[in-house]
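The figures that follow rest on heavy atoms only: side chains count, while hydrogens, waters and symmetry mates do not. A note on names: the letters A, B, ... follow the listed sequences, proteins ahead of strands, and every chain is numbered from 1.
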There are 2 protein chains.
Amino acid sequence: MSDEMCKILLDHGIKPTAVRRRVWGAVEHRMKAFALSDLEDEMPEMDRSSIFRSLRLFASHQLLHEIDDGTGKQKYCRCRCEDDGHLNHIHFSCVRCGRTYCLMDYTIPRVDLPEGFVPDDIEYVVKGLCPSCSKG
Amino acid sequence: MSDEMCKILLDHGIKPTAVRRRVWGAVEHRMKAFALSDLEDEMPEMDRSSIFRSLRLFASHQLLHEIDDGTGKQKYCRCRCEDDGHLNHIHFSCVRCGRTYCLMDYTIPRVDLPEGFVPDDIEYVVKGLCPSCSKG
DNA sequence: TATAAAAATGCAACCAAGTTGCAATCACTA
DNA sequence: TAGTGATTGCAACTTGGTTGCATTTTTATA
């Protein structure tokens with residue numbers, strides 16, 4: 001709805017249709033990684049493939065990152081990188097509650113690769129217990 | 001068949017049945033990560049779920065690691081860790097040919113996590129072009 | 001050794017998540 | 001306003017993983 005929201009989409013070359021604004025609104029302020037199924041549950045009146053297509057579109061236009069936390073479900077997180085569009089923070093995946101945290105302030109330490117390997121992107125996922133699950 | 005093979009399985013608390021020896025034989029010398037589907041293709045006369053159960057068994061007995069390289073397929077690699085049973089090397093996943101390399105000599109750099117996060121395992125996957133694909 | 005009990009296997013079916021084909025609808029331009 | 005292309009909703013399909021169960025094999029016990 002808001003002009004603000006439209007602007008972000010337009011700035012990234014995305015036509016702000018009703019579906020896309022709806023999806024973006026549900027997504028833009030999230031700090032944790034989320035899956036398609038999360039959005040499905042929250043917006044049961046919306047079509048799965050429409051949400052899916054919006055997410056993929058956002059990801060291809062650098063509004064979201066696609067991350068893989070080892071749970072077998074594709075997750076997304078809000079991209080806040082100014083640089084080259086690549087993820088540069090680590091993720092934490094809780095083995096108990098299944099939530100994935102974006103640790104924005106923790107950058108991925110780099111490794112020099114053997115000759116011939118040309119890196120493009122890095123995924124650094126720590127698995128264990130998150131603060132709320134480690135308390136118990 | 002070989003006593004050697006049986007010994008490895010027995011040493012890890014696994015009864016060396018025919019299926020398991022067959023699967024282990026197809027797996028033990030691999031340097032690259034592999035998926036269930038790879039073994040299915042190589043041993044078409046074997047049952048999928050039997051291979052699957054063997055792999056899961058091996059993994060639960062620390063003979064294999066289950067790794068997630070972001071391709072959406074569960075991959076496995078030969079465990080050569082002497083220490084705590086955790087993976088400690090990085091992986092390289094080629095976006096062109098889909099192969100996943102275990103870079104055994106490249107250990108995962110550690111990151112101090114925020115208060116409350118209790119790490120158990122780490123996944124470090126670099127995506128890009130492998131030596132054979134980056135040549136072209 | 002014969003038999004009972006337990007474990008492993010093969011098969012078919014199921015499930016979840018992602019993805020696609022296509023017709024209906026919408027948005028925009030001429 | 002008609003025509004064109006993009007978008008959407010729906011249903012169906014694909015892939016990979018997983019499970020239920022009857023059959024077979026192995027192991028333990030009498």
Between A:E28 and A:R78, is there a salt bridge with N-O shorter than 4.0 Å? no
Write out all pairs satisfying ring pair (Phe, Tyr, Trp, His ring centres under 6.0 Å) with one or both partners inside residues 41-62 of chain A, taking only residues at least two apart or from two chains. A:W24-A:F58
Going 5' to 3' along DNA chain D, between which two nucleotides do contacts with chain B fall, using a heavy-atom cut-off of 4.0 Å? D:dG16 to D:dT27
Inter-axis angle, terminal five-pair segments of the helix from C:dT1-D:dA30 to C:dA30-D:dT1 [nearest 10°]: 10°
Applying side-chain contact (heavy atoms from CB on, under 4.5 Å), name anything that partners A:S49, two or more places apart in sequence or on another chain. A:D47, A:R53
In the hydrophobic cluster built from side-chain contacts under 4.5 Å, what are the other members alongside B:L129? A:V118, B:V95
Sorted by position of nearest nucleotide on DNA chain D, 5' first, the leading residue of B:T17 and B:G72 is B:G72
Round to a whole Å and report the spacing from CG of A:L39 to C1' of C:dG18. 14 Å
Kindly write out the residues that satisfy salt bridge (Lys or Arg N to Asp or Glu O under 4.0 Å) with A:E45, not counting sequence neighbours, or none if the list is empty. A:R22
Rounded to whole Å, please give me the gap between NZ in B:K73 and P in C:dA17. 19 Å
Along DNA chain D (nearest heavy atom to each residue), the more 5'-positioned of B:Q74 and B:A18: B:Q74
Shorter than 3.5 Å, N or O on both sides, protein versus nucleotides 28-30 of chain C: list them out with atom names.
none

On DNA chain C, does the nearest nucleotide to A:A35 precede the nearest nucleotide to B:R20 from the 5' side, or the other way round? Give the residue. B:R20
A:T107 meets the side-chain contact (heavy atoms from CB on, under 4.5 Å) criterion, sequence neighbours left out, with none
Aromatic centroids of A:F92 and A:Y106 separated by under 6.0 Å: no
Does anything in residues 49-60 of chain B come within less than 4.0 Å of DNA chain C? Heavy atoms only, and list the residues if so. B:S49, B:S50, B:R53
Got a sec, which residues hit side chain to side chain donor-acceptor pair (under 3.5 Å) with A:D68, two or more places apart in sequence or on another chain? none
Rounded to whole Å, please give me the gap between CG in A:D47 and P in C:dT19. 15 Å
With no angle test and no hydrogens, is the base of C:dG18 tied to the side chain of A:R48 by a donor-acceptor pair under 3.5 Å? yes
Any residue meeting side-chain contact (heavy atoms from CB on, under 4.5 Å) with A:K15, in chain and number order, not counting sequence neighbours: A:R20
Take the protein atom CE of B:M46 and the nucleotide atom P of C:dC11, then report the distance between them rounded to whole Å. 11 Å
Who are the side-chain contact (heavy atoms from CB on, under 4.5 Å) partners of A:S37, not counting sequence neighbours? A:A35, A:E40, A:K73
Exercise: do B:S132 and B:R99 side chains pair donor with acceptor under 3.5 Å: yes
Exam field: side chain A:Y124 to backbone B:P109, donor-acceptor pair closer than 3.5 Å: yes
Within-4.5 Å side-chain heavy-atom neighbours: B:F117 and A:S134: no
